[in-house]
Amino acid sequence: MAIILNVAAAQGVSVLDLLLRPEEVAAPPLIDLSTDFTGIPFSADWENAAVAKIRRVITILLNRRCELPPLGLLLERYEVERVAAKWHMPQLLWRYDRHYDRQAKLLRTRIKIRAFSKALYLLQKLQKRGVAYSAVAQDTRLSRRDAMRIVNATALVLVAEHANFAT
């Protein structure tokens, strides 16, 4: 129902019109959906738990001032939509985006996503940072120093994640 309500709002039509006459109301949205439309995140208990978990992880990452993974990677990991995260913690996301943008632009986002994903996989499977340092550096062709920063930040995400289960 939440999706239908948000689509109707973006189209500027009633839910009833959208459901009964979809061909007639089908038109380009009235607003630019990429920037102007936030939508209404309808919270459920699982979503609140997921938002609380990602809030804790982001807060710990920002306090440690470590290499930040792309936000989309974290949102995907905790199954939180950007709209819901923006709704529940706008200031924290603003801080995250600001710090992420200030990071050294040495690593392209695509390489970063691959490096963080590989580090996450290796740390969950092997739980050995030394192996992860080498594998991430080799797989992504990053320097060992950059690979270490990414693996250490990924380990921090896992620590923060487990701390969430205790809260």
Side-chain angles (χ1 to χ4, degrees), residues 2-3 6 10 32-167:
I3 294 171
N6 282 325
D32 181 7
L33 296 178
S34 64
T35 59
D36 298 335
F37 185 70
T38 303
I40 302 169
F42 293 89
S43 298
D45 290 339
W46 67 266
E47 184 178 277
N48 289 336
V51 169
K53 188 180 292 187
I54 198 168
R55 177 183 287 125
R56 173 102 173 133
V57 169
I58 288 174
T59 300
I60 289 172
L61 289 173
L62 288 173
N63 289 341
R64 292 288 180 98
R65 299 186 188 276
C66 63
E67 186 75 22
L68 298 176
L71 182 60
L73 205 64
L74 293 176
L75 293 171
E76 182 180 316
R77 176 162 179 79
Y78 301 109
E79 298 177 351
V80 175
E81 294 292 327
R82 183 176 279 276
V83 170
K86 239 176 151 176
W87 181 269
H88 290 286
M89 49 187 183
Q91 294 290 27
L92 191 60
L93 288 188
W94 178 80
R95 277 184 57 215
Y96 191 92
D97 286 340
R98 196 178 77 202
H99 287 285
Y100 184 80
D101 288 343
R102 285 185 187 167
Q103 285 181 163
K105 298 291 184 187
L106 300 173
L107 305 175
R108 291 192 325 255
T109 301
R110 195 171 70 219
I111 292 172
K112 232 182 210 190
I113 289 171
R114 195 168 80 223
F116 273 103
S117 297
K118 178 93 174 184
L120 187 60
Y121 170 78
L122 290 170
L123 289 176
Q124 286 179 313
K125 193 129 178 122
L126 306 173
Q127 298 179 347
K128 295 180 182 178
R129 287 193 198 185
V131 174
Y133 295 150
S134 301
V136 168
Q138 182 179 2
D139 187 53
T140 59
R141 296 185 181 159
L142 294 174
S143 69
R144 184 162 171 87
R145 181 175 165 264
D146 286 338
M148 287 174 71
R149 287 184 8 224
I150 286 175
V151 169
N152 289 337
T154 304
L156 187 58
V157 167
L158 291 173
V159 167
E161 185 176 290
H162 290 297
N164 283 327
F165 291 114
T167 59

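These values consider heavy atoms only, across backbone and side chains, with no hydrogens, waters or symmetry-generated copies.
Partners of Asp139 under the salt bridge (charged side-chain N to carboxylate O under 4.0 Å, His left out) rule, at least two apart in sequence or in another chain, are Arg114. Every side chain to side chain contact (heavy atoms under 4.5 Å, CB included) that Ala137 has, sequence neighbours left out, goes to Ala147. Shown here are the side chain to side chain contact (heavy atoms under 4.5 Å, CB included) partners of Ala132, two or more places apart in sequence or in another chain: Leu122, Leu123, Val151. When the side chain to side chain donor-acceptor pair (under 3.5 Å) test is applied to Arg144, the partners found at least two apart in sequence or on another chain are Ser134. Scored by the side chain to side chain contact (heavy atoms under 4.5 Å, CB included) test, Arg98 finds Trp94, Arg102 as partners (sequence neighbours excluded). With sequence neighbours excluded, the residues that form a side chain to side chain donor-acceptor pair (under 3.5 Å) with Tyr133 are Asn152. The side chain to side chain contact (heavy atoms under 4.5 Å, CB included) search around Ser117 returns Leu73, Ile113, not counting sequence neighbours. Residues meeting the side chain to side chain donor-acceptor pair (under 3.5 Å) test with Arg55, sequence neighbours left out: none.
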Verdict with reasoning, Leu68 to His99, per side chain to side chain contact (heavy atoms under 4.5 Å, CB included): CA-CA 8 Å; Leu68 298 176; His99 287 285; 3.7 Å; yes

Pair Thr154-Lys118, side chain to side chain contact (heavy atoms under 4.5 Å, CB included): steps then yes or no: CA-CA 10 Å; Thr154 304; Lys118 178 93 174 184; over 6 Å; no

Working for side chain to side chain contact (heavy atoms under 4.5 Å, CB included), residues Leu74 and Val80: CA-CA 8 Å; Leu74 293 176; Val80 175; over 6 Å; no

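Considering OH of Tyr96 and CG of Asp101, their distance stands at 11.0 Å, rounded to 0.5 Å. We find the OH-CZ distance between Tyr78 and Arg56 to be 11.5 Å, quoted to the nearest 0.5 Å. Remark: Leu120 CG to Lys125 NZ distance equals 12.5 Å, nearest 0.5 Å. For the atom pair CD of Glu76 and CD of Glu81, the computed distance is 10.5 Å after rounding to the nearest 0.5 Å.
Residues Thr140 and Asp146 are not in side-chain contact: their nearest non-hydrogen atoms beyond the backbone lie 4.5 Å or more apart. Looking at heavy atoms from C-beta onward, Arg77 lies out of side-chain contact with Ile54 at the 4.5 angstrom threshold.
Considering all non-hydrogen atoms of both residues, Phe116 and Pro69 come closest at CE1-CA, 3.4 Å. For Asn63 against Arg95, the heavy-atom pair with the smallest separation is OD1-NH2, 4.3 Å. Nearest approach of Val51 to His88, heavy atoms of both residues: CG1-CB, 3.6 Å.
Test Leu156, Leu62, Val157 against Val57 for side-chain contact (heavy atoms from CB on, under 4.5 Å) and you get one pass: Val157.
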